[in-house]
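Quick note on labels: first sequence line is chain A, next is B, and so on, each numbered from 1.
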Number of protein chains: 2
Amino acid sequence: MGKRADALELAILGLLHDAPLHGYELRKRVNSLLGWGRAFSYGTLYPTLKAMVRQGYLAEDEPVDTLVTTGPHRSGRRARIAYRLTPEGKERFADLLAHTGPSAWDDEHFGVHFAFFGRADADTRMRILIGRRSRLQEKLDQFRSALSRTRERLDAYTLELQRHGLESVEREVKWLDDLISAEQRSIGRPMGATPTPGSGEPPAPSTGIEGENGR
Amino acid sequence: MGKRADALELAILGLLHDAPLHGYELRKRVNSLLGWGRAFSYGTLYPTLKAMVRQGYLAEDEPVDTLVTTGPHRSGRRARIAYRLTPEGKERFADLLAHTGPSAWDDEHFGVHFAFFGRADADTRMRILIGRRSRLQEKLDQFRSALSRTRERLDAYTLELQRHGLESVEREVKWLDDLISAEQRSIGRPMGATPTPGSGEPPAPSTGIEGENGR
DNA sequence: TTCTGATGTATCGGTTCGATACATCGAGCT
DNA sequence: AGCTCGATGTATCGAACCGATACATCAGAA
């Protein structure tokens, strides 16, 4: 399974964790959850779903009619296959969340992992944030060296494009820095010695994530 | 030829417009020119190059030794195939620059087109900028409606991810707005009636492109 | 009624990626 | 000198992935 499909697998597991969904709805949610990047197509979604069923992470429910039993003609509705998470699937989800190789912080994967931070523990969150930050730092260095190498030899538009790209990455690093310090603040929180790190729900990051939110 | 490869074709034509290059160098430049997005692999580059040679847009030079004739052992150097633009290639380049379908402003293509704005005429520049802006506006609307639809039902991290994505697109729109007004300013420029729009180099947008550049 | 657009499942052809093989070179280490 | 190591360089292949499409139901508009 390729890198991109790995991200899709995690997204599916996470979205199905709360409630079963069928393919169409699932696709919409995945793609709005990760609104930034490129959308997954059905040609990727359905094969992935089938593979996950085969592996035992998902099960197919086929509700003849769930909610629309009220109408006058509630006859043989088109089969809407709802996918439901199996216990193995929940295990798999927890596994993918915690056991994060260094792949969790490249462009394709970071968004999905971040979206489910609420279900990961503080250590994992921190590791991924740090990893992502250093990845961006590399990209920043490449940008800067490319800019200084070719400075004055670029026409105005190309230069502006570079400048804009650089600025985008810089903003992203700043965003991560804010997130990281917010995490650190919520770790060092006193109030009850050692908040039972083995229990079910992690503390949930208090009210908000960020300290500042000026626009 | 797929959408992605179209962008690659334009990038190759543009980069080879000034000087011939070989594959390795070409790939580096393409990927740093468009540092923002995903990189092209050799598995895409070489087939594309061959296709372009077949179509007559490129020609292959094979310099036995160009610069390194100085060394003591200047024997049979490994063949470095330098690709050179043919007259048909230059035509093709101009064609792709000006004849822009509505595909020029999606994520994959916009960057390349923008990078070569210096060689396009003012009308083309404006059309692409406007098109890109309205595309982003659509994306913005999707984001906003998705946010308002699911507001309060999202956990803090997912919400933060959405917020950050939205903000990124907003900044991009603002960037485009600045570019657009800069273009308009440089069109309405007085100083010598009609600066000979048919001649070789378009006016080059004065000193910089942007008005402001605070930070 | 019929038409259109949203919902819904599913697959196929072709494009693109990631890994890899192979080869030369300069630089540093011992 | 020998040796490794990393950068440069061309090239290809299997696997992954996308975009388009087919097909079907249903709500609401015309």
Side-chain angles (χ1 to χ4, degrees), chain A residues 1-9 11 20-31 37-51 53 58 60-83 103 106-109 142 145, chain B residues 1-9 11 20-31 37-51 53 58 60-83 103 106-109 142 145:
Chain A
M1 206 178 270
K3 296 181 86 181
R4 199 149 156 70
D6 285 349
L8 181 56
E9 186 189 4
L21 294 172
H22 51 261
Y24 189 82
E25 179 68 18
L26 201 46
R27 178 179 185 263
K28 278 197 306 182
R29 299 217 187 174
V30 170
N31 288 335
R38 294 201 343 293
F40 285 95
S41 71
Y42 290 119
T44 307
L45 176 64
Y46 282 112
T48 302
L49 282 174
K50 293 210 170 153
V53 169
L58 299 184
E60 301 181 349
D61 285 340
E62 190 172 333
V64 183
D65 245 2
T66 39
L67 299 175
V68 206
T69 338
T70 358
H73 48 288
R74 45 127 185 71
S75 65
R77 201 38 194 286
R78 169 82 148 113
R80 289 203 313 177
I81 303 169
Y83 293 90
S103 63
D106 43 63
D107 296 333
E108 308 282 349
H109 291 58
Q142 289 176 349
S145 72
Chain B
M1 204 180 267
K3 296 181 85 180
R4 200 151 155 70
D6 286 349
L8 181 56
E9 186 189 5
L21 295 172
H22 51 259
Y24 189 83
E25 180 69 17
L26 200 46
R27 178 179 186 263
K28 278 198 305 183
R29 298 218 188 173
V30 170
N31 289 333
R38 295 198 347 291
F40 285 95
S41 70
Y42 290 119
T44 307
L45 175 64
Y46 282 112
T48 302
L49 282 175
K50 293 209 169 154
V53 169
L58 301 184
E60 301 181 348
D61 285 340
E62 189 171 335
V64 184
D65 244 2
T66 38
L67 298 174
V68 206
T69 338
T70 357
H73 47 289
R74 42 121 187 78
S75 66
R77 200 42 191 287
R78 170 82 148 111
R80 290 204 312 177
I81 303 168
Y83 293 90
S103 65
D106 43 65
D107 296 333
E108 309 282 348
H109 292 58
Q142 288 175 352
S145 72

Taking for Thr44(B) and for Asp6(A) the nucleotide of DNA chain D with the nearest heavy atom, the one nearer the 5' end belongs to Thr44(B)
Inspect the contact between Arg80(A) and Glu25(A) and indicate whether a charged nitrogen and a carboxylate oxygen are less than 4.0 angstrom apart. no
Measure [atom1]/[X] against [atom2]/[N] and give the value in whole Å, please.
X: Arg4(A); N: dG19(D); atom1: CZ; atom2: C1'; result: 13 Å
X: Tyr46(B); N: dT10(D); atom1: OH; atom2: C1'; result: 4 Å
X: Tyr42(A); N: dG19(D); atom1: OH; atom2: C1'; result: 13 Å
X: Phe40(B); N: dT10(D); atom1: CZ; atom2: P; result: 18 Å
X: Tyr83(B); N: dG9(D); atom1: OH; atom2: P; result: 13 Å
X: His109(A); N: dG18(C); atom1: NE2; atom2: P; result: 11 Å
X: Arg80(A); N: dT7(C); atom1: CZ; atom2: P; result: 11 Å
X: Leu49(A); N: dT11(C); atom1: CG; atom2: C1'; result: 14 Å

Nearest heavy-atom pair of [X] and [Y]: which atoms, and what distance?
X: Tyr24(B); Y: Tyr42(B); result: CD1-OH, 3.0 Å
X: Pro47(A); Y: Thr44(A); result: CD-O, 3.7 Å
X: Phe40(B); Y: Asn31(B); result: N-OD1, 3.0 Å

Of the listed nucleotides dT16(C), dT11(C), dT9(C), the one nearest the side chain of Ile81(A): dT9(C)
Compare the minimum distances between each of dG19(D), dA10(C), dC17(C) and the side chain of Ser41(A), then state the nucleotide with the smallest one. dG19(D)
Scan Ala39(B) against the nucleic acid and name what it touches under 4.0 Å (heavy atoms): base, sugar-phosphate only, or nothing. sugar-phosphate
So how far is it from Leu26(A) CG to Leu49(A) CG, rounded to the nearest 0.5 Å? 6.0 Å
Once you round to the nearest 0.5 Å, how far does OH of Tyr83(A) lie from NE2 of His22(A)? 11.0 Å
Is the phosphate of dA20(D) approached by Lys3(B) (side-chain N or O, under 4.0 Å from OP1 or OP2)? no
Determine whether a donor-acceptor pair (N or O, by modelled atom type, separation under 3.5 Å) exists between the side chain of Arg4(B) and the backbone of Glu108(B). no
Looking at residues 21-31 of chain A, who's got a heavy atom less than 4.0 Å off DNA chain C? His22(A), Gly23(A), Tyr24(A), Lys28(A)
